[in-house]
Amino acid sequence: MKRTLGVCYYPEHWPEEIWAQDAARMVDAGLSWVRIGEFAWQRMEPSPGELHWDWLDRAIETLGGAGLKIILGTPTATPPRWMLDKHPDMLPVDAQGRPRRFGSRRHYCFSHLGYRAESRRIARLMAERYGSNKHIAAWQIDNEYACHNTTRSYSDTARTGFRDWLAQKYQSPGALNRAWGNVFWSMDYDDWSQIDLPNLTVTEQNHPHVLDFARYASDQVVAFNRAQVDEIRKCSNAPIIHNYMGRETSFDHWKVGADLDVASWDSYPLGFLSDRVECTPEHKLKFLRQGDPDNQAFHHDLYRAVGRGRWWIMEQQPGPVNWAPYNPAPLPGMARLWAWEAFAHGAETVCYFRWRQAPFAQEQMHAGLLRPDSAAAPALGEAQQVAKEINNLPDVGTAKARVALVFDYQSAWAWEAQPQGADFDMFRLAFAAYRALRRAGLNIDILPPDCADLSPYKFVLAPGIMHLSDPLRAALAAFDGIALIGPRTDTKTENLSIPTPLGPRIDGLDVSVVLTESMPPDDQIKLEGGGCFLHWFEHLEGNETAHLLTKSGQPAIMGGDNLRYLAGWPDDDTFDRIIGYHCDALDLETHALPDGLRIRDTDTHRFVFNYAPKAQKWNGTKIPAAGVHWEPLP
Ligand code: GAL
């Protein structure tokens, strides 16, 4: 497969006279794709039912005629102002009960069926008009579901929808009362109409109530997306994509992804390091202009799995962004490195965001490939270089990993409802495990929580999975490599209560979690041989070997040859040690990579990425700061 580059473009932001020059310049830079349309509802339909396609027809003709393939976005992340007159109750409501108003974007509640019908309608109209247009080579539905904290809305429509959802799930209030444990604090309900959303309570809400609301809210995202997908499929064979986000766990991406053809995500390495990666201040400073060396790779691997092998970068940071607390410029070379890293993880396409920096409105301080005066911004030259390099490199393929990490969104909601320790966060835990695997130079596949076949893998990690699905439970029991599960894995029922007998409950693993402690950042559970557990420690009982002990003699890893339970949250050195000795036992090759140097093997090549701000050596080759190197696999 030939990898390709693209760019996000907003014809409605620019005079029509420059569209053709822009298109020619994109082609000249080696770009193949252009994404348009995703915020232009007002321009398509300035008042209800008054449709203006003429400008979009011409934009598509101009861009497509220049040789670009078009990704057409449905504009449902930005309902025009008139929509609110039609549906005054469609605004999302925050957990404090306040409506979130018009004046930016994503001002809709996923539960609002009137707005869902409007979204279906505009998707249908676009599909009818452009479904067979030869320039439309892909679709994007909406834009970044969940962005700006919009998955969960505490509106009246959400309350009604939630009650119906609960009635279908539990069939009787009695069954719900039992599942939620409502005998506690006299919380029983007699009728669905008594059940509120889990906000504005006096103190902590009942966890299964919160978890069910998270499930309900996620299901609304799935349904909202599916409504548009159904319409587009009727008229178009082009692949349908959504652009997911970094570190966003509020809806089940596996479920949304099942309705789409390709997964994509929006990669802003510097913005994310600034606002959503836990690390030391030294790390933040060292990688300020490069981004965290593992954060992009984690999402590449996650979305490759969500897309069932097909994935893109829909938005790639080109220069400083506008939205993080601090917005430095990338080191020269990073706009190239980020694209190559995505390709090495199997991306089909990388689209930079955006073509030209807008001189107006909210994102005017956000760089593009061009400056606002149309001169080239630094990233344009790097994109051009990548385009040339792609043409010279044969297809490198996407290697299957021998190591896998299970990632589950429901567990993220469960632990958000019931953290038990202020630092317990599902993403953070999974990412800590992932980082350690990357530090060892391993290729990693991320697996969904209902994965039924672990046979391609030798080493599987499943940290923090609150309740194992039946297929995964069976796959673990049958696994002949080493699976390291825990902390907190299979320690709850589906209803987020403690099972008896105590979990985990997998055939062939005689280990139970009998007591759980969480610790503040400065406290640690010291381990035999060095290192420690941070944040979290579970006391284990059972008839299995302790492969690692705490200093006080309690089991830290316990299990048999194939299935083992990890009782705490290892610090980085301990994670490295644990991964090292398991890989040795499994004969998996590891590398001691210097800080900031990362590798990824494809079918034919080994790619080496230097995220460090200074040159580093790999196998005798000097790789400059922000440099990429590739060599045929040994
Ligand atoms: C993304 C979004 C784009 C743009 C970009 C700025 O989250 O999808 O529309 O806002 O961020 O970095």
Side-chain angles (χ1 to χ4, degrees), residues 6-14 33-43 71-79 103-108 138-151 221 225 241-251 253 256 260 262-277 289 291 295-296 299 303 311-330 334-335 338-339 342 349-372 377-379 383:
V7 72
C8 307
Y9 186 56
Y10 300 90
E12 69 277 18
H13 294 180
W14 311 107
W33 293 88
V34 60
R35 181 191 66 168
I36 61 171
E38 84 275 13
F39 298 126
W41 198 334
Q42 168 70 24
R43 287 291 181 276
I71 307 137
L72 186 57
T74 67
T76 51
T78 49
S104 63
R105 62 177 170 182
R106 302 211 57 77
H107 41 281
Y108 69 86
W139 295 85
Q140 176 185 300
I141 311 274
D142 199 275
N143 189 80
E144 290 190 341
Y145 291 137
C147 187
H148 318 305
N149 193 16
T150 48
T151 301
V221 180
N225 181 69
I241 311 179
H242 176 72
N243 57 332
Y244 303 105
M245 297 177 66
R247 196 173 183 157
E248 176 49 62
T249 55
S250 65
F251 68 93
H253 293 50
V256 171
L260 298 168
V262 179
S264 76
W265 80 286
D266 296 346
S267 176
Y268 291 93
L270 306 193
F272 294 156
L273 179 66
S274 181
D275 81 352
R276 67 198 74 169
V277 173
R289 295 191 155 77
N295 190 47
Q296 289 66 254
H299 291 91
Y303 292 126
W311 76 279
W312 296 19
I313 297 282
M314 193 62 90
E315 299 180 15
Q316 174 63 64
Q317 176 165 3
V321 300
N322 61 300
W323 45 261
Y326 305 99
N327 296 295
M334 288 313 295
W338 292 326
T349 297
V350 173
C351 295
Y352 288 92
F353 181 91
R354 51 184 277 156
W355 175 241
R356 184 187 292 101
Q357 182 172 349
F360 50 81
Q362 276 96 325
E363 292 180 354
Q364 56 181 270
M365 300 303 285
H366 192 299
L369 294 183
L370 302 188
R371 304 188 321 207

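Just follow the structure's listing: the first ligand is 1, and inside any ligand the first atom is 1.
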Residues which pass ring pair (Phe, Tyr, Trp, His ring centres under 6.0 Å) with Tyr244, listed by chain and number, not counting sequence neighbours: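 With sequence neighbours excluded, Tyr244 shows a ring pair (Phe, Tyr, Trp, His ring centres under 6.0 Å) to His242, His253, Tyr303, given in chain and number order.
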Those residues that, when tested against His366, pass ring pair (Phe, Tyr, Trp, His ring centres under 6.0 Å) (two or more places apart):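 For His366 the ring pair (Phe, Tyr, Trp, His ring centres under 6.0 Å) partners, ignoring immediate neighbours, are Tyr268, Phe353.
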Within the protein, residues bringing a heavy atom under 4.0 Å of ligand 1, chain by chain: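 Its neighbours under 4.0 Å (heavy atoms only) are Phe39, Arg105, Asn143, Glu144, Asp266, Tyr268, Glu315, Trp323, Phe353, Glu363, His366, given by chain and number.
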Sidechain-backbone polar pair: Asp275 side chain, Ala324 backbone, donor-acceptor under 3.5 Å: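 No.
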Stepwise side chain to side chain contact (heavy atoms under 4.5 Å, CB included) check, Trp312 with Trp265: CA-CA 7 Å; Trp312 296 19; Trp265 80 286; over 6 Å; no
Arg247, CZ: over 12 other non-hydrogen atoms inside 6.0 angstrom: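 Buried by this count: over 12 neighbours within 6.0 Å.
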Side chain to side chain donor-acceptor pair (under 3.5 Å) partners of Arg106, counting only residues at least two apart: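 Tyr108, Asp142, Thr150.
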